[in-house]
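Written below as C-alpha cells is the structure these notes are about.
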Amino acid sequence: MQAHSLTHDGHRYFGLMEITSRKTRDDYCWVLGLRNSHDKTFPAGIVAGASVFVCDNLSFSGDIKFARKHTRFINRDLPQLVERSIGLLMAKWHDQDKRISAYKRFEIQERDAHDLVVRACDVGVCSNRLIPAVLHEWREPRHDAFEARNVWSLFNSFTEALKDGNLNELPKRTEAPHGLLDVAVGLN
C-alpha cells in the first residue's frame with residue numbers, strides 16, 4: 001500500500017509506504033513516512049513506524065530520522081544519507097518487532113491499565129481530555145483484535161484516541177506512549 005499527497009500547489013510532499021518483509025505479520029506491518037518541500041518549509045525527511053491493519057492506526061517512532069535541509073549540495077549528499085538511513089531503519093524495525101511482541105505478551109489488569117492511562121496524562125503522553133477516549137477504546141475496543149487485555153491493546157487504545165488531529169504531529173503523538181509502556185513491560 002502506498003499513499004502520496006501534494007499540498008500547497010505541489011510544493012509540499014507527504015508519502016506513506018508499507019514495507020513488506022519475509023517475516024509474516026497478521027496484524028501490523030512496517031511503514032515508511034516521507035516528506036519533502038520544494039518551498040523549503042521543512043527539510044526532506046524519513047520516519048519509521050508501524051501500521052496496524054485492523055484499525056489503520058499509524059504509529060510512528062522518530063528514533064531514526066533522516067532530515068536534510070535544501071542546501072546547495074543536497075543532490076550530492078542525498079544518496080549517502082538515504083543509504084545510511086536505510087541501515088538504521090532496518091535495525092529500528094527489528095527493535096520495533098521486539099517491542100510489539102513484548103506488548104502482546106504482557107497482560108494487564110483493568111486497574112493497571114487505568115493507572116497507566118493516568119500516568120500517561122501525568123507525563124504528557126496525552127491530555128486529560130483524551131482519558132475518556134483512551135479508556136473507552138480499552139473497555140470496548142472497536143476492533144476484535146484488541147480485546148486481549150495486554151499492553152498491545154492498551155497501546156492501540158492510545159493510538160486510536162491520538163490519531164485525530166494534525167497529521168504532521170502524528171509521529172510525535174504516537175511515539176510518546178512507548179516510553180511509558182516500554183517501562184511497564186520491562187524494555188527500559
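From a predicted model like this one, the values you see are computed outputs, not experimental measurements.
Using a 4.5 Å heavy-atom cutoff, the side chains of Gln2 and Glu18 are not in contact. Residues Arg12 and Asp39 form a side-chain contact, since some pair of their non-hydrogen atoms from C-beta on lies under 4.5 Å apart. Taking 4.5 Å as the limit, some side-chain heavy atom of Leu181 sits within range of a side-chain heavy atom of Tyr103. Side-chain contact between Pro177 and Leu162 is present, with at least one heavy-atom pair separated by less than 4.5 Å. You'll find the side chain of Glu107 stays beyond 4.5 Å of the side chain of Arg149, heavy atoms only.
Note that the CZ atom of Arg142 and the NE2 atom of His136 stand 7.0 Å from one another [nearest 0.5 Å]. The line from SG of Cys121 to CG of Leu180 is 11.5 Å long, rounded to the nearest 0.5 Å. Atom CG of Leu187 is separated from atom NZ of Lys98 by 8.0 Å, given to the nearest 0.5 angstrom. One finds the CZ atom of Phe106 at 11.5 Å from the CG atom of Asp182 (value rounded to the nearest 0.5 Å). Taking CD of Gln96 as the reference point, atom OG of Ser101 lies at 10.5 Å (rounded to 0.5 Å). Atom CZ of Phe158 and atom CG of Leu116 lie 7.0 Å apart (nearest 0.5 Å).
The heavy-atom pair separating Cys126 from Leu130 by the smallest distance is CB-CD1, 4.0 Å. Closest of all the heavy-atom pairs between Ser153 and Ala148 is OG-O, 2.7 Å. In terms of heavy-atom proximity, Ile100 sits nearest to Trp152 at CG1-CZ3, 3.5 Å. Between His114 and Leu135, the closest heavy-atom pair is CD2-CD2, 3.7 Å.
Within a 6.0 Å radius of CD in Glu83, no more than 12 heavy atoms belonging to other residues, nucleotides or ligands are found. Heavy-atom neighbours of Glu110 CD from other residues, nucleotides or ligands within 6.0 Å: above the threshold of 12. For Asp9, the CG atom is loosely surrounded, since the number of other residues' heavy atoms within 6.0 Å does not exceed 12.
Between Tyr13 and His4, the ring planes lie parallel to each other; the angle is under 30°, not in the 30° to 60° tilted range. Classification of the His143-Phe146 ring pair by plane angle, with boundaries at 30° and 60°, yields perpendicular.
Here Asp115 pairs with Arg119 in a salt bridge; the nearest charged N to carboxylate O distance falls below 4.0 Å.
With hydrogens and angles disregarded, a donor-acceptor distance shorter than 3.5 Å links the side chain of Asn150 to the backbone of Lys104. Looking at Thr159, its side chain does come within 3.5 Å of a backbone N or O of Asn156 through a donor-acceptor pair. Formation of a donor-acceptor pair under 3.5 Å by the Ser5 side chain with backbone atoms of Phe14 is not found in this model.
Residue Val123 is grouped with residue Val134 when hydrophobic side chains (ILVMFWY) are merged at heavy-atom distances under 4.5 angstrom, including chains of intermediate members.
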